[in-house]
Amino acid sequence: MFTYESKVWLLNSVITLSSPYHYMQLPREVVVGKGTITCVNEVVQRLGLVGSALIIAGRKSNEVAGKQVRDLLENTGIDVNTLFVERATFKEILTVENKIKAWKPCVLLGVGGGTKIDAAKLSSARQNIPFLSVPTTLSHDGIASPLASVKGLDKPYSIMSQAPLGIVADIDVIAKAPWSSVISGCGDVIAKFTAVKDWQLAHSEKNEYYGEYSASLALMSTKLVIENAKLICDGNDEGLRVLLEALISCGVAMSIAGSSRPCSGSEHLFSHSLDILHSSSAMHGEQCGVGSILAAYLHKANWKRIRNTLRSIGAPVTAGELGVKDEDLIKALEMAPAIRPERYTILHKLNLRREDCEKVARATGVIE
Ligand SMILES: [Zn+2]
(Lines give C-alpha, C1' and ligand atoms only; values in the text may rest on other atoms or scores of the structure.)
Protein backbone atom coordinates (compact mmCIF):
# COMPACT_ATOMS: atom_id res chain seq x y z
CA MET A 1 0.00 0.00 0.00
CA PHE A 2 1.47 3.33 -1.01
CA THR A 3 0.95 6.24 1.27
CA TYR A 4 0.50 9.90 0.52
CA GLU A 5 4.06 10.39 1.83
CA SER A 6 5.46 7.95 -0.72
CA LYS A 7 3.82 9.92 -3.51
CA VAL A 8 5.21 13.17 -2.15
CA TRP A 9 8.61 11.50 -1.87
CA LEU A 10 8.47 10.63 -5.56
CA LEU A 11 7.23 13.98 -6.71
CA ASN A 12 9.81 15.81 -4.59
CA SER A 13 12.52 13.94 -6.41
CA VAL A 14 11.73 15.90 -9.55
CA ILE A 15 14.33 18.48 -10.51
CA THR A 16 12.31 21.65 -10.22
CA LEU A 17 11.16 22.98 -13.57
CA SER A 18 9.73 26.22 -12.27
CA SER A 19 13.17 27.75 -11.75
CA PRO A 20 14.02 30.95 -13.67
CA TYR A 21 16.72 29.23 -15.76
CA HIS A 22 16.34 26.47 -18.29
CA TYR A 23 18.23 23.36 -17.27
CA MET A 24 19.50 20.84 -19.85
CA GLN A 25 21.41 17.68 -19.09
CA LEU A 26 22.77 15.66 -21.99
CA PRO A 27 24.62 12.34 -22.34
CA ARG A 28 28.37 12.78 -22.77
CA GLU A 29 29.44 9.50 -24.39
CA VAL A 30 27.19 7.64 -26.82
CA VAL A 31 28.47 4.47 -28.49
CA VAL A 32 26.12 2.90 -31.04
CA GLY A 33 26.76 0.01 -33.43
CA LYS A 34 27.47 -3.69 -33.73
CA GLY A 35 29.55 -5.26 -30.97
CA THR A 36 29.79 -2.02 -28.98
CA ILE A 37 29.18 -3.78 -25.66
CA THR A 38 32.94 -4.36 -25.48
CA CYS A 39 33.38 -0.55 -25.39
CA VAL A 40 31.78 -0.35 -21.94
CA ASN A 41 35.23 -0.39 -20.30
CA GLU A 42 36.56 2.43 -22.43
CA VAL A 43 33.48 4.53 -21.68
CA VAL A 44 33.77 3.92 -17.94
CA GLN A 45 37.50 4.75 -18.01
CA ARG A 46 37.07 7.88 -20.13
CA LEU A 47 34.41 9.16 -17.75
CA GLY A 48 36.76 8.50 -14.82
CA LEU A 49 34.28 6.14 -13.16
CA VAL A 50 36.80 3.77 -11.64
CA GLY A 51 36.34 2.00 -8.31
CA SER A 52 33.12 0.07 -8.06
CA ALA A 53 29.98 -0.33 -10.14
CA LEU A 54 26.46 -1.60 -9.57
CA ILE A 55 24.58 -3.24 -12.44
CA ILE A 56 20.76 -3.10 -12.44
CA ALA A 57 19.43 -5.87 -14.66
CA GLY A 58 16.65 -8.40 -15.10
CA ARG A 59 17.26 -12.14 -15.27
CA LYS A 60 17.00 -12.11 -19.07
CA SER A 61 18.96 -8.94 -19.69
CA ASN A 62 21.66 -10.24 -17.37
CA GLU A 63 22.07 -13.29 -19.61
CA VAL A 64 21.99 -11.22 -22.80
CA ALA A 65 24.37 -8.44 -21.69
CA GLY A 66 24.70 -7.98 -17.90
CA LYS A 67 27.12 -10.86 -17.35
CA GLN A 68 29.34 -9.71 -20.19
CA VAL A 69 29.36 -6.13 -18.90
CA ARG A 70 30.28 -7.42 -15.44
CA ASP A 71 33.14 -9.58 -16.79
CA LEU A 72 34.48 -6.71 -18.86
CA LEU A 73 34.48 -4.33 -15.91
CA GLU A 74 35.93 -6.87 -13.48
CA ASN A 75 38.77 -7.60 -15.91
CA THR A 76 39.94 -4.02 -15.48
CA GLY A 77 39.90 -4.26 -11.69
CA ILE A 78 36.51 -2.67 -11.01
CA ASP A 79 34.46 -4.20 -8.18
CA VAL A 80 31.04 -5.06 -9.58
CA ASN A 81 27.79 -6.08 -7.97
CA THR A 82 24.54 -6.99 -9.76
CA LEU A 83 21.04 -6.30 -8.47
CA PHE A 84 18.01 -7.84 -10.18
CA VAL A 85 14.96 -5.64 -10.63
CA GLU A 86 11.70 -6.79 -12.21
CA ARG A 87 9.62 -3.60 -12.16
CA ALA A 88 10.30 0.11 -11.70
CA THR A 89 8.00 0.54 -8.71
CA PHE A 90 8.46 2.83 -5.73
CA LYS A 91 9.38 -0.20 -3.61
CA GLU A 92 12.02 -1.50 -6.01
CA ILE A 93 13.57 1.93 -6.44
CA LEU A 94 13.97 2.15 -2.66
CA THR A 95 15.63 -1.29 -2.71
CA VAL A 96 18.12 -0.07 -5.32
CA GLU A 97 18.77 3.07 -3.29
CA ASN A 98 19.48 1.00 -0.16
CA LYS A 99 21.92 -1.10 -2.18
CA ILE A 100 23.65 2.09 -3.40
CA LYS A 101 23.96 3.34 0.20
CA ALA A 102 25.43 0.01 1.36
CA TRP A 103 27.70 -0.74 -1.60
CA LYS A 104 28.68 2.88 -2.48
CA PRO A 105 29.32 2.34 -6.22
CA CYS A 106 30.70 5.24 -8.22
CA VAL A 107 28.44 4.38 -11.16
CA LEU A 108 25.16 2.58 -11.78
CA LEU A 109 24.62 0.70 -15.04
CA GLY A 110 21.05 0.06 -16.18
CA VAL A 111 21.23 -3.05 -18.38
CA GLY A 112 17.91 -4.02 -19.94
CA GLY A 113 14.67 -2.64 -21.28
CA GLY A 114 12.58 0.22 -19.95
CA THR A 115 12.06 -0.83 -16.35
CA LYS A 116 15.72 -1.59 -15.59
CA ILE A 117 16.89 1.67 -17.14
CA ASP A 118 14.13 3.62 -15.34
CA ALA A 119 15.02 2.05 -11.98
CA ALA A 120 18.72 2.81 -12.49
CA LYS A 121 17.98 6.35 -13.70
CA LEU A 122 15.81 7.44 -10.80
CA SER A 123 17.68 5.71 -7.96
CA SER A 124 21.07 7.00 -9.19
CA ALA A 125 19.70 10.55 -9.52
CA ARG A 126 18.32 10.47 -5.99
CA GLN A 127 21.61 9.13 -4.65
CA ASN A 128 23.72 11.58 -6.67
CA ILE A 129 25.77 9.11 -8.65
CA PRO A 130 26.03 8.91 -12.46
CA PHE A 131 24.38 6.18 -14.48
CA LEU A 132 25.09 4.54 -17.79
CA SER A 133 22.37 3.24 -20.06
CA VAL A 134 22.97 -0.16 -21.68
CA PRO A 135 19.73 -0.96 -23.55
CA THR A 136 18.92 -4.51 -24.57
CA THR A 137 15.63 -3.64 -26.31
CA LEU A 138 14.24 -0.72 -28.32
CA SER A 139 10.74 -0.79 -26.86
CA HIS A 140 10.54 2.91 -25.85
CA ASP A 141 12.34 6.24 -25.64
CA GLY A 142 13.72 5.99 -22.10
CA ILE A 143 17.21 4.95 -23.31
CA ALA A 144 18.57 8.51 -23.36
CA SER A 145 15.86 10.58 -21.70
CA PRO A 146 16.21 12.25 -18.28
CA LEU A 147 12.74 11.01 -17.26
CA ALA A 148 11.87 7.79 -15.46
CA SER A 149 8.47 6.16 -15.51
CA VAL A 150 7.48 4.86 -12.09
CA LYS A 151 4.66 2.36 -11.70
CA GLY A 152 2.81 0.95 -8.72
CA LEU A 153 1.05 4.12 -7.57
CA ASP A 154 -2.50 5.26 -8.44
CA LYS A 155 -1.29 6.11 -11.97
CA PRO A 156 2.06 6.03 -13.78
CA TYR A 157 4.36 8.96 -12.97
CA SER A 158 6.98 10.33 -15.31
CA ILE A 159 9.66 11.77 -13.04
CA MET A 160 12.51 14.07 -14.02
CA SER A 161 15.62 12.20 -12.87
CA GLN A 162 18.85 12.55 -14.82
CA ALA A 163 20.13 11.87 -18.32
CA PRO A 164 22.58 8.98 -18.64
CA LEU A 165 26.20 10.13 -18.53
CA GLY A 166 26.91 7.53 -21.20
CA ILE A 167 25.01 5.16 -23.51
CA VAL A 168 26.40 1.91 -24.84
CA ALA A 169 23.92 0.48 -27.34
CA ASP A 170 24.95 -2.73 -29.08
CA ILE A 171 22.89 -3.67 -32.15
CA ASP A 172 23.92 -7.34 -31.79
CA VAL A 173 22.47 -7.40 -28.25
CA ILE A 174 19.32 -5.49 -29.26
CA ALA A 175 18.73 -7.83 -32.23
CA LYS A 176 18.15 -10.70 -29.76
CA ALA A 177 15.08 -8.99 -28.21
CA PRO A 178 11.58 -10.04 -29.34
CA TRP A 179 10.45 -8.31 -32.53
CA SER A 180 7.42 -6.88 -30.70
CA SER A 181 9.79 -4.58 -28.77
CA VAL A 182 10.99 -3.05 -32.07
CA ILE A 183 7.38 -2.48 -33.15
CA SER A 184 6.68 -0.82 -29.81
CA GLY A 185 9.72 1.45 -30.20
CA CYS A 186 8.52 2.49 -33.67
CA GLY A 187 5.07 3.29 -32.27
CA ASP A 188 6.63 5.41 -29.52
CA VAL A 189 8.67 7.40 -32.07
CA ILE A 190 5.80 7.85 -34.55
CA ALA A 191 3.65 9.11 -31.65
CA LYS A 192 5.88 12.21 -31.39
CA PHE A 193 3.97 13.57 -34.38
CA THR A 194 0.91 14.21 -32.23
CA ALA A 195 2.91 14.96 -29.05
CA VAL A 196 4.43 17.97 -30.84
CA LYS A 197 1.02 19.01 -32.22
CA ASP A 198 -0.32 19.00 -28.64
CA TRP A 199 2.66 21.02 -27.46
CA GLN A 200 2.10 23.62 -30.20
CA LEU A 201 -1.57 23.79 -29.20
CA ALA A 202 -0.66 24.36 -25.54
CA HIS A 203 1.75 27.09 -26.63
CA SER A 204 -0.77 28.93 -28.81
CA GLU A 205 -3.77 28.57 -26.51
CA LYS A 206 -2.24 28.45 -23.01
CA ASN A 207 0.99 30.35 -23.61
CA GLU A 208 3.00 27.35 -22.49
CA TYR A 209 6.76 27.38 -23.14
CA TYR A 210 7.51 25.82 -26.54
CA GLY A 211 11.00 24.86 -27.64
CA GLU A 212 11.32 24.91 -31.41
CA TYR A 213 14.62 23.04 -31.39
CA SER A 214 13.50 20.15 -29.19
CA ALA A 215 10.18 19.89 -31.05
CA SER A 216 12.07 19.73 -34.37
CA LEU A 217 14.37 17.05 -33.00
CA ALA A 218 11.43 14.89 -31.93
CA LEU A 219 9.70 15.41 -35.30
CA MET A 220 12.89 14.57 -37.15
CA SER A 221 12.94 11.19 -35.36
CA THR A 222 9.35 10.55 -36.46
CA LYS A 223 10.21 11.52 -40.03
CA LEU A 224 13.27 9.25 -40.00
CA VAL A 225 11.25 6.24 -38.87
CA ILE A 226 8.36 6.92 -41.28
CA GLU A 227 10.71 7.38 -44.25
CA ASN A 228 12.74 4.28 -43.37
CA ALA A 229 9.82 2.07 -42.40
CA LYS A 230 10.75 -0.40 -45.16
CA LEU A 231 14.15 -1.01 -43.54
CA ILE A 232 12.55 -1.88 -40.23
CA CYS A 233 12.04 -5.59 -40.65
CA ASP A 234 13.30 -8.59 -38.74
CA GLY A 235 16.92 -9.39 -39.48
CA ASN A 236 17.83 -5.95 -40.86
CA ASP A 237 20.42 -4.30 -38.60
CA GLU A 238 20.21 -1.06 -40.56
CA GLY A 239 16.55 -0.68 -39.58
CA LEU A 240 17.40 -1.31 -35.92
CA ARG A 241 20.05 1.37 -36.08
CA VAL A 242 17.61 3.90 -37.56
CA LEU A 243 15.18 3.20 -34.73
CA LEU A 244 17.90 3.27 -32.06
CA GLU A 245 19.20 6.64 -33.19
CA ALA A 246 15.64 8.00 -33.43
CA LEU A 247 14.95 6.87 -29.83
CA ILE A 248 18.18 8.46 -28.59
CA SER A 249 17.24 11.71 -30.37
CA CYS A 250 13.84 11.65 -28.67
CA GLY A 251 15.58 11.31 -25.29
CA VAL A 252 17.84 14.25 -26.13
CA ALA A 253 14.78 16.27 -27.24
CA MET A 254 13.31 15.77 -23.75
CA SER A 255 16.60 16.82 -22.14
CA ILE A 256 16.64 20.01 -24.20
CA ALA A 257 12.96 20.74 -23.53
CA GLY A 258 13.44 20.06 -19.80
CA SER A 259 10.27 17.94 -19.86
CA SER A 260 8.62 15.10 -21.76
CA ARG A 261 6.53 17.62 -23.78
CA PRO A 262 8.11 16.96 -27.23
CA CYS A 263 7.58 13.24 -26.82
CA SER A 264 4.38 12.77 -24.85
CA GLY A 265 0.94 14.20 -25.61
CA SER A 266 -2.63 12.98 -25.88
CA GLU A 267 -1.56 9.65 -27.41
CA HIS A 268 0.49 8.91 -24.26
CA LEU A 269 -2.45 9.86 -22.02
CA PHE A 270 -4.55 7.37 -23.98
CA SER A 271 -1.88 4.69 -23.45
CA HIS A 272 -1.75 5.45 -19.70
CA SER A 273 -5.56 5.12 -19.57
CA LEU A 274 -5.35 1.66 -21.11
CA ASP A 275 -2.73 0.73 -18.48
CA ILE A 276 -4.98 1.95 -15.67
CA LEU A 277 -7.94 0.00 -17.08
CA HIS A 278 -5.70 -3.10 -17.32
CA SER A 279 -7.51 -3.75 -20.55
CA SER A 280 -4.52 -4.25 -22.83
CA SER A 281 -1.60 -6.62 -22.93
CA ALA A 282 -0.01 -4.58 -25.74
CA MET A 283 3.29 -2.75 -25.24
CA HIS A 284 3.60 0.95 -24.44
CA GLY A 285 4.62 2.06 -27.94
CA GLU A 286 1.94 -0.09 -29.60
CA GLN A 287 -0.72 1.67 -27.51
CA CYS A 288 0.81 5.09 -28.21
CA GLY A 289 0.77 4.34 -31.95
CA VAL A 290 -2.99 3.72 -31.93
CA GLY A 291 -3.41 6.76 -29.68
CA SER A 292 -1.52 8.79 -32.25
CA ILE A 293 -3.93 7.75 -35.04
CA LEU A 294 -6.85 9.01 -32.89
CA ALA A 295 -5.05 12.19 -31.84
CA ALA A 296 -3.94 13.00 -35.41
CA TYR A 297 -7.58 12.68 -36.53
CA LEU A 298 -8.65 15.11 -33.80
CA HIS A 299 -5.91 17.54 -34.83
CA LYS A 300 -7.23 17.27 -38.43
CA ALA A 301 -3.75 16.09 -39.43
CA ASN A 302 -2.69 13.27 -41.75
CA TRP A 303 -3.85 10.40 -39.51
CA LYS A 304 -3.91 7.98 -42.47
CA ARG A 305 -0.16 8.34 -42.92
CA ILE A 306 0.36 7.42 -39.24
CA ARG A 307 -1.95 4.43 -39.57
CA ASN A 308 -0.42 3.24 -42.85
CA THR A 309 3.13 3.46 -41.49
CA LEU A 310 2.19 1.58 -38.35
CA ARG A 311 0.46 -1.06 -40.46
CA SER A 312 3.47 -1.40 -42.77
CA ILE A 313 5.77 -2.30 -39.86
CA GLY A 314 3.21 -4.73 -38.46
CA ALA A 315 2.10 -2.57 -35.52
CA PRO A 316 -1.48 -2.73 -34.20
CA VAL A 317 -3.88 -0.16 -35.68
CA THR A 318 -7.19 -1.40 -34.25
CA ALA A 319 -8.63 -2.17 -30.83
CA GLY A 320 -8.77 -5.85 -31.79
CA GLU A 321 -5.08 -5.88 -32.76
CA LEU A 322 -4.22 -4.24 -29.41
CA GLY A 323 -6.26 -6.95 -27.69
CA VAL A 324 -8.64 -4.34 -26.25
CA LYS A 325 -12.45 -4.52 -26.19
CA ASP A 326 -14.10 -1.70 -28.16
CA GLU A 327 -15.86 -0.36 -25.07
CA ASP A 328 -12.56 -0.20 -23.13
CA LEU A 329 -10.86 1.66 -25.96
CA ILE A 330 -13.66 4.26 -25.98
CA LYS A 331 -13.47 4.53 -22.19
CA ALA A 332 -9.68 4.98 -22.32
CA LEU A 333 -10.04 7.86 -24.78
CA GLU A 334 -12.75 9.47 -22.68
CA MET A 335 -10.77 9.33 -19.42
CA ALA A 336 -7.36 10.22 -20.95
CA PRO A 337 -7.42 14.00 -20.26
CA ALA A 338 -8.05 13.39 -16.56
CA ILE A 339 -4.77 11.45 -16.26
CA ARG A 340 -2.82 14.73 -16.48
CA PRO A 341 -5.19 17.70 -16.31
CA GLU A 342 -2.26 20.13 -16.38
CA ARG A 343 -0.85 18.79 -19.67
CA TYR A 344 -3.05 20.60 -22.17
CA THR A 345 -3.70 18.57 -25.34
CA ILE A 346 -6.31 18.30 -28.06
CA LEU A 347 -8.30 16.03 -25.72
CA HIS A 348 -8.47 18.80 -23.08
CA LYS A 349 -9.51 21.32 -25.69
CA LEU A 350 -12.28 19.19 -27.20
CA ASN A 351 -13.48 17.62 -23.94
CA LEU A 352 -15.01 14.69 -25.81
CA ARG A 353 -18.12 12.94 -24.58
CA ARG A 354 -18.35 9.18 -24.77
CA GLU A 355 -20.35 9.29 -28.05
CA ASP A 356 -17.72 11.59 -29.59
CA CYS A 357 -14.95 9.18 -28.58
CA GLU A 358 -16.82 6.34 -30.23
CA LYS A 359 -17.27 8.38 -33.42
CA VAL A 360 -13.53 9.16 -33.58
CA ALA A 361 -12.63 5.50 -33.04
CA ARG A 362 -15.05 4.44 -35.81
CA ALA A 363 -13.97 7.18 -38.24
CA THR A 364 -10.34 6.06 -38.00
CA GLY A 365 -11.19 2.37 -38.24
CA VAL A 366 -9.73 1.74 -34.78
CA ILE A 367 -13.06 0.09 -33.97
CA GLU A 368 -15.46 -1.24 -36.57
ZN1 LIG B 1 6.51 6.80 -24.77
Side-chain angles (χ1 to χ4, degrees), residues 87-88 110 112-119 121-122 133 135 137-151 155-161 163-164 167 177 180-199 214-215 217-222 224-226 232 243-276 280-296 306 309-310 313 315-316 322 332-333 336 339-340 343 345-347:
R87 298 180 66 216
T115 54
K116 284 64 180 177
I117 289 175
D118 281 342
K121 196 184 287 177
L122 183 53
S133 176
T137 76
L138 297 181
S139 57
H140 71 82
D141 62 17
I143 295 168
S145 81
L147 288 125
S149 176
V150 179
K151 305 270 165 60
K155 56 185 181 181
Y157 284 91
S158 186
I159 297 178
M160 186 56 80
S161 311
I167 302 168
S180 57
S181 62
V182 174
I183 289 176
S184 175
C186 288
D188 205 14
V189 173
I190 291 166
K192 309 320 179 204
F193 176 72
T194 46
V196 170
K197 288 226 170 286
D198 283 322
W199 197 13
S214 49
L217 200 54
L219 284 181
M220 199 166 67
S221 301
T222 303
L224 199 72
V225 167
I226 290 178
I232 301 172
L243 178 58
L244 173 59
E245 291 179 1
L247 288 167
I248 291 175
S249 289
C250 289
V252 171
M254 286 186 261
S255 278
I256 293 172
S259 80
S260 63
R261 254 305 188 182
C263 295
S264 172
S266 43
E267 72 300 315
H268 271 70
L269 298 177
F270 167 77
S271 171
H272 296 329
S273 289
L274 286 174
D275 290 340
I276 289 170
S280 163
S281 54
M283 297 181 81
H284 168 79
E286 294 178 314
Q287 296 178 171
C288 290
V290 173
S292 203
I293 297 172
L294 299 164
I306 304 273
T309 307
L310 290 169
I313 54 169
L322 277 179
L333 190 58
I339 305 277
R340 285 191 77 172
R343 173 148 293 188
T345 69
I346 191 72
L347 294 174

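Each residue takes its place number in the sequence, starting with 1. Whatever order the structure lists ligands and atoms in, that order sets their numbers, starting from 1.
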Item checked: Residue list, salt bridge (charged side-chain N to carboxylate O under 4.0 Å, His left out) with Lys197, at least two apart or on another chain -> none
Margin query: Can you confirm whether the side chains of Lys121 and Ser145 place a donor and an acceptor under 3.5 Å from each other?
Written below: yes
Margin query: Only N/O/S atoms count here: what is the atom of Asp188 closest to the Zn ion (ligand 1) called?
Written below: OD1
Checklist line | Listed once per pair and sorted, the side-chain hydrogen bond (donor to acceptor under 3.5 Å, both in side chains) pairs that draw on residues 247-258, sequence neighbours left out | finding: none
Of the backbone and side-chain N, O or S atoms of [X], does one lie nearer to the Zn ion (ligand 1) than 2.8 Å?
{"X": "Cys288", "answer": "no"}
{"X": "His284", "answer": "yes"}
{"X": "Asp141", "answer": "no"}

Checklist line | Contact summary for Arg343 and Ser259, nearest pair of heavy atoms | finding: NH2-OG, 4.1 Å
